[in-house]
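The next block holds one structure in the form of structure tokens; read it before the comments.
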2 protein chains.
Amino acid sequence: MTHSPSPPELRLENQICFAVYSAAHAFAQAYRPWLEPMGLTYPQYLVMLLLWERDGRSVNELAQPLQLDSGTLTPLLKRMEKAGFLTRSRDEKDERVTRIHLTDFGQSLMEQARRIPVAMLCQSGMDLNRLTELREQVQDLGKSLRQA
Amino acid sequence: MTHSPSPPELRLENQICFAVYSAAHAFAQAYRPWLEPMGLTYPQYLVMLLLWERDGRSVNELAQPLQLDSGTLTPLLKRMEKAGFLTRSRDEKDERVTRIHLTDFGQSLMEQARRIPVAMLCQSGMDLNRLTELREQVQDLGKSLRQA
DNA sequence: TGACAATATATTGTGCACAACTTAATTGTT
DNA sequence: AACAATTAAGTTGTGCACAATATATTGTCA
């Protein structure tokens with residue numbers, strides 16, 4: 001007897017999960033040339049985006065929008081502190097929380113980062129409207145998966 | 001002087017890269033309840049999909065469709081070998097290549113896996129047509145990013 | 001007030017992901 | 001045949017990602 005051939009719904013190229021997984025890695029690679037000169041990794045860049053928008057967040061106020069836990073963030077933030085992007089200090093009102101503040105250096109990187117979005121838009125090979133629509137659909141998809 | 005506020009194109013919620021990154025993690029989490037009973041992680045499941053479709057692949061014939069390198073695959077395949085899903089053996093014609101073959105156990109898991117795609121379709125909250133179209137757009141996006 | 005639950009972060013251990021490098025086998029050229 | 005170039009895997013080191021657990025602070029309520 002021979003093996004049953006794998007059905008189409010089990011083929012790698014038909015998996016939306018893999019398309020998303022693979023695109024996520026492609027993004028991280030595509031960002032690399034812009035982030036490496038700044039000394040940032042891709043997840044660290046995501047943290048910087050949040051801090052540029054609002055500084056002095058707690059670990060939780062980073063964890064929630066990023067959908068990450070302290071097990072991931074704590075060592076990441078320690079590396080970023082060591083690299084001089086930010087400082088970690090105890091909140092005076094509530095000694096449980098750690099507050100994250102950008103250093104002047106970390107703050108100053110925003111100017112360089114401003115050029116990245118346009119560059120990535122070009123590399124995406126899509127126009128802004130299509131990309132925005134795609135983003136919304138992917139956000140919806142993520143939301144559905146998370147709450148199920 | 002005060003800090004310049006971060007421009008909209010640098011906000012986390014407007015990044016398509018983050019939407020994709022976040023959805024990828026959400027997928028891995030959503031697959032967990034189905035994969036854990038089989039003893040598979042999500043990346044291991046991707047390898048199984050390829051082997052169910054065609055057994056006896058070389059490491060490279062896994063690496064290419066997955067867009068992974070041997071630095072990732074070799075230890076992953078060793079773990080899968082240890083767990084009894086597959087075997088790793090030298091190709092007799094070309095002693096450089098390692099051939100990966102499913103064990104009977106590994107082959108047999110396909111029956112359980114057959115139920116996964118429908119379950120995930122439900123969790124996605126989208127119909128098949130919309131999901132297929134979305135997959136194609138995400139695949140295109142990944143392709144653009146990789147070649148630029 | 002004094003136990004106890006809740007909250008916030010940190011720690012530990014495992015498994016990806018990838019750059020950079022190494023090792024070994026094959027191919028191509030002369 | 002000799003040997004450089006190529007190819008295929010494997011190794012090493014760093015940085016995520018997350019489950020499970022630990023620690024410490026704050027809130028609650030009997």
Side-chain angles (χ1 to χ4, degrees), chain A residues 17-18 21-33 35-36 39-48 57-64 66-83 85 88-100 142 146, chain B residues 17-18 21-33 35-36 39-48 57-64 66-83 85-100 142 146:
Chain A
C17 62
F18 174 67
Y21 161 96
S22 188
H25 292 311
F27 262 122
Q29 289 308 103
Y31 270 90
R32 235 179 165 279
L35 298 182
E36 201 164 42
L40 288 169
T41 65
Y42 177 70
Q44 290 172 5
Y45 173 66
L46 299 180
V47 168
M48 294 300 280
R57 291 177 190 247
S58 68
V59 172
N60 235 330
E61 288 163 349
L62 292 168
Q64 204 152 6
L66 292 170
Q67 299 275 146
L68 295 172
D69 64 4
S70 67
T72 299
L73 275 177
T74 296
L76 187 150
L77 292 169
K78 282 186 176 177
R79 283 188 291 270
M80 292 181 77
E81 180 182 38
K82 195 170 167 190
F85 299 115
R88 299 162 63 245
S89 56
R90 289 283 164 200
D91 186 302
E92 296 190 349
K93 308 262 186 179
D94 186 340
E95 295 274 340
R96 291 173 299 183
V97 339
T98 299
R99 295 253 159 234
I100 309 298
R146 239 171 268 118
Chain B
C17 63
F18 174 66
Y21 162 95
S22 189
H25 292 311
F27 262 123
Q29 289 307 102
Y31 269 90
R32 233 177 166 281
L35 298 182
E36 202 165 42
L40 288 168
T41 65
Y42 177 70
Q44 290 172 5
Y45 173 66
L46 299 180
V47 168
M48 295 300 279
R57 292 180 191 245
S58 67
V59 172
N60 236 326
E61 287 164 350
L62 292 168
Q64 205 153 9
L66 292 170
Q67 299 275 144
L68 295 173
D69 64 5
S70 67
T72 300
L73 276 176
T74 296
L76 188 151
L77 292 169
K78 282 185 178 178
R79 283 188 291 269
M80 293 181 78
E81 181 181 39
K82 196 170 167 189
F85 299 115
L86 49 80
T87 62
R88 300 163 63 245
S89 56
R90 287 283 165 199
D91 187 302
E92 296 190 348
K93 308 263 188 179
D94 187 340
E95 295 274 337
R96 288 173 303 182
V97 338
T98 298
R99 294 253 160 236
I100 309 298
R146 239 172 266 115

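The structure presented is a predicted model; accordingly, all values stated were derived computationally and were not measured. Below, read A as the first sequence line, B as the second, and so on, with proteins coming before strands; counting in each chain starts at 1.
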*Using a 4.0 Å heavy-atom cut-off across all strands, classify B:Thr72 as base, sugar-phosphate, or nothing.*
base
*Give B:Arg99 one of three labels, base, sugar-phosphate or nothing, depending on what nucleic acid heavy atoms sit under 4.0 Å from its own.*
nothing
*Would you please name every residue forming a salt bridge (Lys or Arg N to Asp or Glu O under 4.0 Å) with B:Arg99, sequence neighbours left out?*
B:Glu61, B:Asp91
*Applying side-chain contact (heavy atoms from CB on, under 4.5 Å), name anything that partners B:Asn60, two or more places apart in sequence or on another chain.*
B:Ser58, B:Ala63
*With sequence neighbours excluded, residues passing salt bridge (Lys or Arg N to Asp or Glu O under 4.0 Å) with A:Glu92*: none
_Listed partners of A:Arg79 passing salt bridge (Lys or Arg N to Asp or Glu O under 4.0 Å), at least two apart_ = none
Donor-acceptor contacts under 3.5 Å from residues 69-78 of chain A side chains, at least two apart:
| unit_1 | atom_1 | unit_2 | atom_2 | d |
| --- | --- | --- | --- | --- |
| A:Asp69 | OD1 | A:Gly71 | N | 3.3 |
| A:Asp69 | OD1 | A:Thr72 | N | 3.1 |
| A:Asp69 | OD1 | A:Thr72 | OG1 | 3.3 |
| A:Thr74 | OG1 | A:Ser70 | O | 3.0 |

_Expressed as a whole number of angstroms, how long is the span from B:Leu66:CG to C:dC18:P?_
11 Å
*More 5' along DNA chain D: B:Gly71 or A:Gln44, using each one's nearest nucleotide?*
B:Gly71
*Got a sec, which residues hit salt bridge (Lys or Arg N to Asp or Glu O under 4.0 Å) with A:Arg96, two or more places apart in sequence or on another chain?*
A:Asp94
*Please name all residues satisfying side-chain contact (heavy atoms from CB on, under 4.5 Å) with A:Thr98, sequence neighbours left out, ordered by chain then number.*
A:Val59, A:Arg88, A:Arg90, A:Ile100
*Is B:Ser70 touching bases, backbone alone, or none of the nucleic acid, heavy atoms closer than 4.0 Å?*
base
*Start and end of chain A contact along DNA chain D [non-hydrogen atoms, under 4.0 Å]*: D:dG15 to D:dT26
*Does any residue of residues 74-83 of chain A have a heavy atom under 4.0 Å from DNA chain D, and if so, which ones, in number order?*
A:Leu76, A:Arg79
*Using a 4.0 Å heavy-atom cut-off across all strands, classify B:Leu68 as base, sugar-phosphate, or nothing.*
sugar-phosphate
*Could you tell me how the ring of B:Tyr45 sits relative to the ring of B:Tyr42: parallel (under 30°), tilted (30 to 60°) or perpendicular (over 60°)?*
tilted
*Hey, what's the ring geometry for B:His25 with B:Tyr21, parallel, tilted or perpendicular (30° and 60° as the breaks)?*
perpendicular
*asked:* Quick check on DNA chain C: between B:Pro43 and A:Asp94, whose nearest nucleotide comes earlier from the 5' end?
replied: A:Asp94
*If each of A:Ala26 and A:Thr98 is mapped to the nucleotide of DNA chain C with the nearest heavy atom, which maps nearer the 5' terminus, i.e. the 5' end?*
A:Thr98
